Engineer: 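Sharing a structure with you now.
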Amino acid sequence: MGPLERCGRRLRAALAAGRVRRRLPWVLLAIVLLGSALKDADLVPETPLRNKRNPLNVYFVKVAWAWTLWLLLPFITLTTYQFAQSKFLYGPTKSVLMVLRRLSALLVGTAVWYVCTGLFVYIENLTGTCSTSGKPGEPRRLYATKQECHQDNGIWSGFDISGHCFLLSYCALMIVEELAVLEGLSIDQDSRLHVVTNSLFVSLCFLTVIWVFMIVCTAVYFHDFSQKLLGVLIGLSAWYGTYRFWYLKPFSPGLPLPNIPLSSKKYSYSR
C-alpha cells in the first residue's frame, strides 16, 4: 500500500461518520469570531501571511473558485458515473445524464460566486469615498468607483465585505459535501479508476485544509469584524440554500448520495 493510498484511507475514515460535514459550518463561524477578536485585541504576531502577496494568497486564494472547480469537475464526473452504474444499474446513457445533472451543481456554484462577488464590488463602490493627495487649490474630484480612485493613486474607503471569507467558506463546504459520495461507492482498489479517484479525493481534502487555513489568516489579519462576519454568513447561506434546501428537491442538481435517506446516520444530512 503506497503513501497516497494510506493517506486516502485515513481521510476517508475521518469523513465517514459525517462529523466534519455537521461541524464545519460552526467551525468556520467560530474562526471568524475568534480571529476577529484576536485581531481587534492586537494579539496576533507579525508573519509573512499578513502580506497580501504571500504565495498562498496569490496562487491559491485569488483563484480559489478555479481550483475548486477544476478538481471537483473530474471528481464528480467519475464518481457519479460509477455510482450510477454500480448502485442504480443504469446504462451508459442514463449514467451520463445523471453525471450532467450533478455537474450542474458546479454551474450553480459559479453563478453564486459571480453574483455575490459582483454584489460585494457594487456595495463597496456605493458606500466608498476616495482620499487623494491633490494639489492645493485644485477642485476636488468625485470618484464613482474604487478603480477610478486607484488610478489617481487614491485610497478608497468603503464597506468591503470579505470576499475571502465568503468564497473560501462556500468552497470548503461544497467540497466536503461532494466528497460524501465515497461513503456509498465501492471501487476495485486495483483499478486505474480507484487510483485517479483517490488522487482527486486527497487533493480536494488538502485544498479544503488550505481554504480553512486561509480563512484563519483572513480573520486575524484583514478586514473589519462586520465585513468578515457578513462574508462568512453569506457563504454559509449559499451552502445551506443549495445543499440543505434546494438540492433536496426533484428539480435540482441533487445530492451526491441520492439513494441514502436523509435520516441515515451514515450520510448525516441532518439539519
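Sequential numbering from 1 along the given sequence is applied to the chain's residues. All of these numbers come straight from a predicted model, not from anything done at the bench.
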Engineer: Please find the pair of heavy atoms, one from I215 and one from S169, that lie closest to each other, and give the distance.
Structural biologist: CD1-N, 3.6 Å

Engineer: To the nearest 0.5 angstrom, please state how far the SG atom of C205 sits from the CD1 atom of I210.
Structural biologist: 11.5 Å

Engineer: About how many Å separate SG of C165 and CG of L29, when rounded to the nearest 0.5 Å?
Structural biologist: 10.5 Å

Engineer: Let me see the working for T80 and V181 under side chain to side chain contact (heavy atoms under 4.5 Å, CB included), right down to the final yes or no.
Structural biologist: CA-CA 8 Å; T80 303; V181 70; 5.6 Å; no

Engineer: So which atom in V58 and which in K52 form the shortest heavy-atom distance, rounded to 0.1 Å?
Structural biologist: CG2-O, 4.1 Å

Engineer: Does any part of the side chain of E178, heavy atoms only, come nearer than 4.5 Å to the side chain of Y243, both counted from C-beta?
Structural biologist: yes

Engineer: Have a look at Q82 and tell me which of T197, V99, L193, T77 forms a side-chain contact (heavy atoms from CB on, under 4.5 Å) with it.
Structural biologist: L193

Engineer: What are the two closest non-hydrogen atoms of A105 and P253, and how far apart are they?
Structural biologist: N-CB, 3.7 Å

Engineer: Treating W156 as the side-chain partner and E124 as the backbone partner, does any N or O pair qualify as donor plus acceptor under 3.5 Å?
Structural biologist: yes

Engineer: At their closest point, which heavy atom of W70 faces which heavy atom of L73, and how far apart are they?
Structural biologist: CZ3-CD2, 3.4 Å

Engineer: Taking atom CH2 of W65 as the centre, report whether more than 12 heavy atoms of other residues, nucleotides or ligands fall under 6.0 Å from it.
Structural biologist: yes

Engineer: Under 3.5 Å, side chain of K228 to main-chain N/O of A219, donor-acceptor pair present?
Structural biologist: yes

Engineer: Indicate if Y170 and V115 have the same hydrophobic cluster label, given that clusters are the connected sets of ILVMFWY residues with side-chain heavy-atom separations under 4.5 angstrom.
Structural biologist: no

Engineer: Going from CD1 on I31 to CG on L168, what distance comes out if it is rounded to the nearest 0.5 angstrom?
Structural biologist: 10.5 Å

Engineer: Is the ring pair F166/F120 parallel, tilted or perpendicular, if the boundaries are 30 and 60 degrees?
Structural biologist: perpendicular

Engineer: Between L182 and V195, is there a shared hydrophobic cluster once you connect ILVMFWY residues whose side-chain heavy atoms come closer than 4.5 Å?
Structural biologist: no

Engineer: Verify, without hydrogens or angle tests, whether N57 (side chain) and K62 (backbone) share a donor-acceptor contact under 3.5 angstrom.
Structural biologist: no

Engineer: Compare all side-chain heavy atoms of T208 with those of V176 and state whether any distance is below 4.5 angstrom.
Structural biologist: yes

Engineer: Is it true that a side-chain atom of T218 and a backbone atom of H164 form a donor plus acceptor pair closer than 3.5 Å?
Structural biologist: no

Engineer: Report yes if some heavy atom in the side chain of S95 is under 4.5 Å from a heavy atom in the side chain of F83; otherwise report no.
Structural biologist: no

Engineer: Can you give me the closest heavy-atom contact between N54 and P48, atom names plus distance?
Structural biologist: CB-O, 3.7 Å

Engineer: Say whether, by atom type as modelled, one donor and one acceptor occur between the side chain of W67 and the main chain of V61 under 3.5 angstrom.
Structural biologist: no

Engineer: May I ask you to test the L119-I234 pair for a side-chain heavy-atom distance under 4.5 Å?
Structural biologist: no

Engineer: In this structure, would I76 and V196 fall into the same cluster of hydrophobic residues linked by side-chain contacts under 4.5 Å?
Structural biologist: yes

Engineer: Taking the side chain as C-beta and beyond, is there a heavy-atom pair between H223 and K39 under 4.5 Å?
Structural biologist: no

Engineer: Just how far is it from atom OH of Y221 to atom CG of L49, taken to the nearest 0.5 Å?
Structural biologist: 6.0 Å

Engineer: I want to check something: taking the side chain as every heavy atom from C-beta on, are F75 and L71 in contact at a cut-off of under 4.5 Å?
Structural biologist: no

Engineer: Determine whether Y90 and L97 make a side-chain contact, defined as any pair of heavy atoms from C-beta on separated by less than 4.5 Å.
Structural biologist: no

Engineer: Is F225 reachable from M214 through a run of hydrophobic residues whose side-chain heavy atoms are each under 4.5 Å from the next?
Structural biologist: yes

Engineer: Taking everything shown except L33 itself, do over 12 heavy atoms lie less than 6.0 Å from its CG?
Structural biologist: yes

Engineer: For the residue pair F159 and S226, what are the closest heavy atoms and their distance?
Structural biologist: CE1-OG, 3.5 Å

Engineer: Is L173 reachable from F206 through a run of hydrophobic residues whose side-chain heavy atoms are each under 4.5 Å from the next?
Structural biologist: yes

Engineer: Nearest 0.5 angstrom please: L200 CG to T79 OG1, how far?
Structural biologist: 9.0 Å

Engineer: Looking at CD of E177 and CH2 of W239, how far apart are the two atoms once the value is rounded to the nearest 0.5 Å?
Structural biologist: 6.0 Å

Engineer: According to the interplanar angle, ranging from 0 to 90°, do the rings of F60 and W211 count as parallel (below 30°), tilted (30 to 60°) or perpendicular (above 60°)?
Structural biologist: perpendicular

